[in-house]
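Take a look at the structure set out below.
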Amino acid sequence: MSRLIPKWNLITELNPKSPISEGYRMLRTNIEFSTINQKLQIIMVTSSKPSEGKSTTCANMAVAFAQASKKVLLIDADLRKPSQHHIFGKSNRSGLTTALLNQLKLEDIIQFTNTDNLSIIQAGPTPPNPSELLSSEQMAELLKTARERYDVVIIDTPPIMSVTDAQIVATQSDGVVLVIDSGKVKKDVALKAKASLEHVKANLIGVVLNKINRNHSDIYSYYYGEKTEA
């Protein structure tokens, strides 16, 4: 396997000892201990609107779990504006859409990464019917297989307020992480995003505040800043 150069925003791989990487490990730990009685195996990541950093958060979360010796699968289910192939430097010629449309097996579309224990499924070519694909029996079967083969499955989805895709995936997930741009998203928008998840009875396990002012050290010790536009 050829080793690709990860992008700057995959900081957990490029600089695992940085404070930002520690923030992702803290996020991983909080997720692991967010519930006692329920196993969180499939975790969906979304945001209220575009450009809040949810794809970068998703990718670094996946690396953080893999670095903890978990067998991890990252699925890019943002079929309208995928980002994971850019972050990991992979081809997007085939992926989730080709698997669902052609009923391919999981092993036919999985790509390996530079991080041990981390595999990825790219979104694939943009389909005309993303919502229908994500709610299909093929998608349900793919996630069932993923549960059997991986310790953690992390799914990147479109913003919850933009289309119904994230709501559909949320119903198939054990927990949802909502990424919020602390500098741009107003309180009413964040509450509407939360309500959209509650409408489908999604299990919202936490909120990540992105782009926190690093001068606020008391806040930064619990959250982390981003430069991403994903």
Side-chain angles (χ1 to χ4, degrees), residues 9 20 23-62 64-65 74-84 123 130-131 134-135 143 152-230:
N9 46 7
I20 296 177
Y24 284 113
R25 287 191 290 272
M26 184 182 298
L27 174 60
R28 178 194 69 202
T29 300
N30 288 342
I31 290 173
E32 290 177 324
F33 290 95
S34 62
T35 180
I36 299 175
N37 299 320
Q38 180 186 3
K39 183 179 180 180
L40 296 175
Q41 190 174 5
I42 296 183
I43 303 167
M44 186 192 95
V45 180
T46 188
S47 58
S48 61
K49 63 178 187 177
S51 301
E52 293 191 78
K54 54 95 180 169
S55 292
T56 300
T57 298
C58 200
N60 282 283
M61 272 179 55
F65 272 103
L74 171 58
I75 301 176
D76 193 344
D78 190 341
L79 304 184
R80 301 168 193 267
K81 192 179 179 181
S83 298
Q84 296 302 331
S131 298
L134 294 174
S135 60
L143 291 179
V152 180
V153 179
I154 298 177
I155 308 178
D156 186 4
T157 65
I160 190 72
M161 302 291 291
S162 301
V163 289
T164 61
D165 301 15
Q167 287 181 308
I168 292 170
V169 178
T171 64
Q172 305 174 70
S173 305
D174 302 324
V176 176
V177 173
L178 178 63
V179 178
I180 297 291
D181 183 335
S182 63
K184 295 182 179 180
V185 175
K186 296 182 179 179
K187 181 178 179 181
D188 62 326
V189 175
L191 290 175
K192 286 179 181 178
K194 180 174 178 286
S196 295
L197 290 167
E198 292 174 341
H199 180 70
V200 293
K201 296 181 172 56
N203 179 25
L204 180 59
I205 58 176
V207 175
V208 173
L209 293 182
N210 250 347
K211 304 178 185 177
I212 288 288
N213 188 335
R214 298 188 185 188
N215 293 326
H216 297 166
S217 58
D218 56 333
I219 297 178
Y220 184 64
S221 63
Y222 290 95
Y223 300 102
Y224 47 88
E226 295 293 340
K227 294 191 291 182
T228 179
E229 295 299 324

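- Separation of atoms CD1 (Ile160) and OG (Ser47) is listed at 9.0 Å; rounding is to 0.5 Å.
- Taking the side-chain hydrogen bond (donor to acceptor under 3.5 Å, both in side chains) definition, one finds that Asp78 meets it with Lys54, sequence neighbours left out.
- Tyr24 places a side-chain heavy atom less than 4.5 Å from the side chain of Thr56.
- For residues 168-183, every residue pair satisfying the salt bridge (Lys or Arg N to Asp or Glu O under 4.0 Å) rule, not counting sequence neighbours, is listed here: Arg147-Asp174, Asp181-Lys211.
- Screening residues 36-49 for salt bridge (Lys or Arg N to Asp or Glu O under 4.0 Å), with sequence neighbours left out, gives no hits.
- Closest heavy-atom contact between Leu40 and Ile43: O-CD1, 4.3 Å.
- Applying the side-chain contact (heavy atoms from CB on, under 4.5 Å) criterion to Thr171, with sequence neighbours excluded, gives Val200.
- Side-chain atoms of Arg80 and Ser131, non-hydrogen and from C-beta on, do get closer than 4.5 Å to each other.
- Closest of all the heavy-atom pairs between Pro159 and Pro50 is CG-N, 3.6 Å.
- By the side-chain hydrogen bond (donor to acceptor under 3.5 Å, both in side chains) test, Ser173 pairs with no residue at all, sequence neighbours left out.
- Here the CG atom belonging to Leu178 is positioned 6.5 Å from the OG1 atom belonging to Thr46, to the nearest 0.5 angstrom.
- Put simply, the side chain of Thr157 does not reach to within 4.5 Å of the side chain of Asp165, judged on heavy atoms.
- At least one side-chain heavy atom of Asn203 sits less than 4.5 Å from a side-chain heavy atom of Ile205.
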Listing, residues 187-199 side-chain donor-acceptor contacts under 3.5 Å, not counting sequence neighbours, or none:
| from | atom 1 | to | atom 2 | distance (Å) |
| --- | --- | --- | --- | --- |
| Lys194 | NZ | Glu198 | OE2 | 2.4 |
| Ser196 | OG | Lys192 | O | 3.0 |

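- In this structure, Glu52 and Ile180 have side chains that are in contact, with non-hydrogen atoms separated by less than 4.5 Å.
- The shortest distance between side-chain heavy atoms of Ile31 and Met61 falls below 4.5 Å.
- Contact detail for Cys58 and Gln84: the closest heavy-atom pair is CB-NE2, 3.9 Å.
- You'll find the side chain of Asn60 stays beyond 4.5 Å of the side chain of Leu27, heavy atoms only.
- Among Leu143, Asp156, Ile154, the single residue meeting the side chain to side chain contact (heavy atoms under 4.5 Å, CB included) criterion with Ile75 is Leu143.
- With a 4.5 Å cut-off on side-chain heavy atoms, Lys81 and Pro158 do not count as touching.
- Atoms CZ and CZ, from Phe65 and Arg25 in turn, are 13.0 Å apart once rounded to the nearest 0.5 Å.
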